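Have a look at the structure below before the remarks.
Treat the numbers as computed from the prediction; the structure is a model and nothing was measured. By convention in this document, chain letters (A, B, ...) are assigned in the order of the sequence lines, proteins followed by strands, and residues within each chain are numbered from 1. When reading the values below, keep in mind they use all heavy atoms of this one structure, side chains included, and skip hydrogens, waters and symmetry mates.
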Protein chains: 2
Amino acid sequence: MATIQQNSNSGDSTRERILLEAGPIFAGKGFRATTVREICEKANVNVASINYYFGDKRQLYHQTVVLAREMRVEQVPEPNWAATTEPEQKLLDFITLILRRLVAMQNEPWQVRLLMREILEPTETCKHLVEEYFRPFFNTLCGIIDDLVGYRLPEPTRNKIGFSIIGQCLYYRFSAEMTRLMIEQQDYVDQYDLDHLAHHIHLFSLGGLKHYQELDDLAHQDTSATET
Amino acid sequence: MATIQQNSNSGDSTRERILLEAGPIFAGKGFRATTVREICEKANVNVASINYYFGDKRQLYHQTVVLAREMRVEQVPEPNWAATTEPEQKLLDFITLILRRLVAMQNEPWQVRLLMREILEPTETCKHLVEEYFRPFFNTLCGIIDDLVGYRLPEPTRNKIGFSIIGQCLYYRFSAEMTRLMIEQQDYVDQYDLDHLAHHIHLFSLGGLKHYQELDDLAHQDTSATET
DNA sequence: AACTGTATTAAACAGTTGTTTAATCACACT
DNA sequence: AGTGTGATTAAACAACTGTTTAATACAGTT
């Protein structure tokens, strides 16, 4: 029947225990490969508890994703910029924020892996994630780009610039294991920590933006030239 | 026992049929979620045939990945540059090559999805893939970067530039479904085709490179200034 | 026609999966 | 003590998993 129960009173300990044990397992193996029996074993609860508290396996998964997002936002909050903060600094801060929150160089918390799974192979849960999390996140980045350029770029152009910046960051999450196979082990330890990567992506992206500006200035000159 | 059989004579039709039906299914659902029964059903062979021809499910999977790489290289061959080709043009060609071969904007062949799975969650097969495919691919890109810059960058720096370029491209594979949820449907059709993306990534990356050069020139000036 | 080695098959096997059931437990309230 | 309600349990369920078996079909060779 799958009528979801609500532990109305007190500590909610079993429900929470399931949720917190399910998260890392789903993150590590994905929805399909994860078995409810493993979750229940790790959480020291009966196999029937999942259906009792969450209805079925899918709804449990959905709840772990929602929880992962909430925890991740809390663990790595957005920077609180002063009104005088330069947009260059904001961009560096934002790149650092992505790397910290979604790429998570050193330790790799289960919340990150779970959110990445939803990006790669979205389920119904992803729509919720986009509206609550990714869209406002991306809008912040777009604001920084606008400030850096100084005028309004066409929206598709500005969006692609945003994706270029995010893409550079996410590469080190998606292709992390393959990158490790590609380069010297020692280099990876020394040269691919958070600060090195943030610095490089910041530099590279500012250059990309400047190039756009210059070309646009040229185009403007051309237009005024032909107009005269 | 799982002794692998080799169909020595003639057309090999059942073995090939299994391989070509298994590919798309593995690509779509991953190793774990794919069942041998579905493959055999689609290929019109008996369930025992997989074990007869490939030993077990794992070895069949390995063979489909190897096949996917071979087919993908054949389907989208590397450009054949003349000696006089400018490095700027080479970079644009290379970005287009990545987008065509690994990102595959319009149609999304199963070979691409399968290779992406190996990047995201490498199995033993990935080592083979790195040595035979990705490393020479990346070396080509590094050569172009060297030509563009005009002198030898430190290797970690040059590698990161390479990853920035690849990262921008792969973003549109990894985050394709989420990006579609983020932006207007019509914009996605109009502004995110192969040519638009290649043009943007080319422009953005040339800018990033130029910025590196300028900063390096400055650093050189500083050094000579302090040296005098 | 008899033999040989490969190819193909239906059936069974042993294990795991998510889910359900019905019984029991714990504890508050009357 | 008795009652009722939610929490927890062991057991069973039915469906599905990859793999194996043993029998059969089909060539080509002697």
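Annotation: cation-pi pair B:Lys160/A:Phe204 absent, no NZ/CZ under 6.0 Å from the ring centroid and within 45° of its normal. For the pair B:Arg58 and B:Phe31, the distance from NZ or CZ to the six-membered ring centre is under 6.0 Å and the angle to the ring normal is within 45 degrees.
Here D:dT8 is the nucleotide among C:dA10, D:dT8, C:dA7 with the atom lying nearest to any side-chain atom of A:Tyr53.
Between A:Asn46 and D:dA7 there is no side-chain N or O to OP1 or OP2 distance below 4.0 Å. Close to C:dT8, at under 4.0 Å from its OP1 or OP2, lies a side-chain N or O of B:Thr14. Not one side-chain nitrogen or oxygen of A:Tyr52 sits closer than 4.0 Å to the OP1 or OP2 atom of D:dG6.
The distance from atom CD of A:Glu41 to atom C1' of D:dA10 is 15 Å, rounded to the nearest whole Å. Taking atom CD1 on B:Ile50 and atom P on D:dT17, their separation rounds to 12 Å, with Å as the unit. Between the CZ atom of A:Phe54 and the P atom of C:dT20 there is a distance of 16 Å, rounded to whole Å. Atom-to-atom, CD of B:Gln59 to C1' of D:dG18 comes out at 14 Å; the value is rounded to the nearest Å. Taking atom CZ on B:Arg15 and atom P on C:dT8, their separation rounds to 13 Å, with Å as the unit.
B:Ser205 places a side-chain N or O within donor-acceptor distance of the main-chain N or O of B:Ile201, the cut-off being under 3.5 Å. No donor-acceptor pair closer than 3.5 Å links the side chain of B:Gln168 to the backbone N or O of A:Ser164.
Taking the six-membered ring for Trp and the full ring otherwise, the centers of A:Tyr61 and A:Phe54 sit at least 6.0 Å from each other.
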Which atom pairs link the protein and nucleotides 12-18 of chain C when you take only N or O atoms and keep those under 3.5 Å?
residue: C:dG18; atom: OP1; partner: A:Thr34; partner atom: O; Å: 3.0
residue: C:dG18; atom: OP1; partner: A:Val36; partner atom: N; Å: 3.4
residue: C:dG18; atom: OP1; partner: A:Lys57; partner atom: NZ; Å: 2.9
residue: C:dG18; atom: OP2; partner: A:Val36; partner atom: N; Å: 3.0
residue: C:dG18; atom: N7; partner: A:Arg37; partner atom: NH1; Å: 2.7
residue: C:dG18; atom: O6; partner: A:Arg37; partner atom: NH2; Å: 3.1

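Evaluation of the side chain to side chain donor-acceptor pair (under 3.5 Å) rule for A:Thr179 yields A:Tyr171 as partners, not counting sequence neighbours.
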